[in-house]
Amino acid sequence: MEIADLPLPAQLAASYTDHGIRELYPPQAACVEAGLFSGKNLLIAIPTASGKTLVAEMAMHHQVANGGKCLYIVPLRALASEKFEEFSGKGLRVGIATGDFDRRDEYLGRNDIIVATSEKVDSLLRNQTPWLSEISLLVIDEVHLIDDPSRGATLEMVITKLRHKNEGLQIIALSATIGNPGDLAGWLDAELVESDWRPVELREGAFLLDTIHFTDSIRRIERRSKHEDLDLVLDTVAEGGQCLVFVSSRKNAEAFAKRAASGLKLSNPILAGYADWIRSNATTDMGRTLAACVGMGAAFHHAGLPREERQIVEQGFREGQIKVIASTPTLAAGLNLPARRVIIRDYLRFNAGEGMVPIPVREYRQMAGRAGRPHLDPYGEAILIAKSDDMVDELFDCYIEAPPEDVRSRCADEAILCTHVLSLIATGFARERNEVLGFMDGTFYANQGENPLALKRVVDRVLDFLLEAEMITDVGGWLEATEYGSLVSRLYIDPRSAELIVTAMTGRKEYTEIGLLHLLCSTPDMSTLYVRQKDIYLLDRFLADHQDELWLEIPWDGGEGFDRSLKTALLLADWVNETGEDTICERYNVGPGDIHGMVESVTWLVHAAQRLAGLFAPHLLHPIEEMELRVQHGVRREVLPLIRLRGIGRVRARRLFNNGIDSIEALRAAGPERVGNILGSGIAARIFEQLDGGGGEIGEPAETQSTLSRFG
DNA sequence: TACCTAACGCTATAGACAGCATGTC
DNA sequence: CTATAGCGTTAGGTA
């Protein structure tokens with residue numbers, strides 16, 4: 001099927017031909033035949049890299065040409081940016097909406113295509129965003145994530161809400177290969193397009209000692225090192241390919257990258273350039289290790305890395321300079337980063353409470369699908385590593401030839417349903433008990449024929465909780481959200497978090513920094529740090545001195561959850577007391593990326609706490625507002641007056657403060673010249689522009705003078 | 001005595017969405 | 001309540 005024969009706007013067709021795309025891949029053609037351009041709903045279950053995005057893009061342009069508006073839902077922020085870039089510059093107005101990147105919020109509705117994460121769409125729905133009802137085409141990327149235990153229900157509810165709201169909505173759902181695509185297609189009233197066609201041949205096999213066993217052939221690998229897994233890498237590189245190695249833990253990723261680096265020992269100016277950049281920005285051991293590895297052509301990739309380092313690694317790999325990346329599952333689900341050979345070294349992963357658990361077939365497929373770069377590699381290889389003879393057969397049975405798992409609804413979970421039921425009531429999707437159940441009839445859960453009574457019981461319990469918490473009221477069967485409930489729904493926090501926060505804030509405890517942080521870290525919305533044996537001593541010592549500063553009771557059973565939230569709170573306390581990044585990383589055994597993640601989460605929660613304080617504990621409003629600024633910037637209280645200026649962050653504020661400038665007044669008194677000496681004249685000029693310009697309300701009067709003497 | 005190595009036991013374990021209002025070094 | 005690699009400790013060996 002030729003591009004030229006399709007009902008596409010001229011500009012899009014031209015953009016495709018410019019990129020050498022003239023003909024559709026067979027599965028893409030199947031989508032057109034299944035009714036892509038005639039408004040049919042489609043469930044497209046085809047392998048990674050076989051052109052799903054293009055199908056969606058064509059449908060979106062066709063839709064817009066007919067006066068429609070499109071919403072493209074993705075599971076990750078990084079994916080949102082990737083798709084945003086991809087869709088931009090082809091004649092349509094494209095917008096992006098994610099938690100960290102939505103400066104166009106106001107104008108979002110003017111776009112033809114909006115790319116957003118599922119949580120962001122849910123949030124927009126909760127805030128009654130008007131343009132959502134104009135959406136005529138909904139694209140759901142990675143729809144199989146409806147099965148994700150923690151986030152799947154949100155996706156399911158968002159889909160159900162949008163279908164409920166927008167009559168005649170066309171849905172295009174993109175999925176990995178799953179066991180029961182028929183179920184999902186049935187729910188969505190969609191035509192099913194299924195195929196295992198790929199643009200690059202994929203060979204899957206299991207490796208033992210020095211031999212790759214494929215389905216009907218074997219391939220010997222030269223022994224080049226002490227480690228078999230490394231031999232596989234060196235072999236790929238010797239043939240001019242690149243390698244992606246999936247391992248189960250960060251430590252393994254780093255260890256493998258080190259081994260690969262000393263096995264490869266590459267050296268060229270470009271790699272050296274990357275290594276220098278990483279080294280000069282690195283503040284931690286981890287960063288220096290990465291720099292050393294990258295200099296020799298290998299890298300590791302996990303969530304502890306700071307964003308910039310992650311991007312360098314990805315870029316270096318795309319350019320073909322970095323030959324190997326040893327990665328945790330970060331790369332499995334995330335960006336499009338193909339390699340000739342993918343090695344799945346660890347297929348067991350530690351799972352709290354369960355021990356080592358084999359990864360699902362779907363995840364294996366996800367990783368294996370990364371093998372083979374279209375137009376660049378002659379073929380792709382996905383290789384599992386066996387430790388014994390028997391393992392080879394087992395790996396074939398359990399992964400290579402195994403059918404992928406079925407997808408199941410996750411929305412019957414009581415804790416998760418709680419937040420969604422509240423939002424249904426707060427936004428008027430349901431006004432009575434039966435309407436809640438009626439709405440749930442439209443979910444995948446109900447469609448899969450799960451026990452409706454079980455769901456009813458859960459819904460009843462959830463409603464009882466919400467009534468008890470006074471987030472909703474029930475007047476003669478008529479359900480309505482209270483001001484509290486509506487706020488919780490819009491803040492997008494778990495109602496259980498809100499209850500915990502409100503209860504603690506209205507208790508008779510005095511405000512303390514650690515009290516607030518620990519409270520927020522005890523919330524189900526905050527992920528907490530792992531507690532090691534040697535941390536326990538430190539935690540106990542902290543408790544001995546500061547027990548009475550905590551807002552929450554210490555559980556008598558010395559629960560693990562308590563230790564975890566306390567450790568996390570201590571990390572954040574260090575952050576707002578300007579402890580250096582390297583010290584924090586070492587003390588808590590985390591990477592810069594983890595700090596960033598936790599700071600981001602807690603900033604969101606402090607904001608929520610601030611709004612809740614406005615409703616229930618006005619006396620806490622001011623200190624919590626201060627904490628909001630402090631976590632955002634990672635600064636002590638004493639530099640807050642300075643931080644409010646644009647162009648001043650934690651470093652510059654600290655530098656000014658240490659030079660005796662602790663307030664707006666002091667800044668004025670010092671004058672541009674002296675400030676210029678401290679920070680550089682360009683920045684000084686920008687600061688004084690703000691001071692002289694209309695910004696009369698910037699900063700606060702100096703109220704922190706008492707602590708000044710410490711630094712003078 | 002200084003130094004190295006093999007053997008052993010212990011320890012720790014992936015990822016990342018959401019508010020709000022604009023700019024860090 | 002699983003698997004595995006990395007690491008620290010220690011015993012044993014060698015120059």
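Remember, it's a predicted structure, so these values are computed and weren't measured experimentally. The chains referred to below are lettered A, B, ... by the order of the sequence lines, with proteins before strands, and numbering in each begins at 1.
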Discussion item. For nucleotides 7-14 of chain B, give me one character per nucleotide, 5' to 3': B if any protein heavy atom sits under 4.0 Å from the base, S if the only such contacts are to the sugar-phosphate, - if neither.
Written reply: -----SBB
How close or far is atom [atom2] of [N] from atom [atom1] of [X], stated in whole angstroms?
X	N	atom1	atom2	result
A:Leu124	B:dC20	CG	P	10 Å
A:Ile416	B:dC17	CD1	P	16 Å
A:Arg126	B:dC20	CZ	P	12 Å
A:Glu628	B:dA21	CD	C1'	10 Å

Worksheet item: Looking at residues 599-611 of chain A, who's got a heavy atom less than 4.0 Å off DNA chain B?
Response: A:Ser601, A:Thr603, A:Trp604, A:His607
Worksheet item: So, does A:Arg410 use its side chain to make a donor-acceptor pair with the main chain of A:Gly152 at under 3.5 Å?
Response: no
Worksheet item: Ion pair present between A:Glu119 and A:Arg77, side-chain N to carboxylate O less than 4.0 angstrom?
Response: no
Worksheet, complete the sentence: Rounded to the nearest 0.5 angstrom, the CG-CG distance for A:Asp494 and A:Leu491 is 12.5 Å
Discussion item. As a check on the pairing definition, encode DNA chain C in dot-bracket form, counting Watson-Crick and G-U wobble pairs whose two distances are under 3.5 Å, and using | for partners outside this strand.
Written reply: ..|||||||||||||
Worksheet item: Would you say C:dA3 has OP1 or OP2 under 4.0 Å from some side-chain N or O of A:Lys387?
Response: no
Worksheet item: What's the closest nucleotide to the A:Arg345 side chain, out of B:dT22, B:dC17, C:dA5?
Response: C:dA5
Worksheet item: Taking the side chain of A:Ser527 as heavy atoms from C-beta outward, which of C:dT4, B:dC25, B:dA16 is closest to it?
Response: B:dA16
Practice prompt. Can you tell me, in whole Å, how much space there is between the C1' of C:dT4 and that of B:dA14?
Written response: 16 Å
Item to complete: Report the relative orientation of the aromatic rings in A:Tyr399 and A:Tyr347; use parallel for angles under 30°, tilted for 30 to 60°, perpendicular for over 60°.
Response: tilted
Item to complete: May I ask which nucleotide in the shown strands pairs with B:dG23, Watson-Crick or G-U wobble, both distances under 3.5 Å?
Response: none
Item to complete: Could you tell me whether A:Ile493 contacts a base, only the sugar-phosphate backbone, or nothing, with contacts defined as non-hydrogen atoms closer than 4.0 Å?
Response: nothing
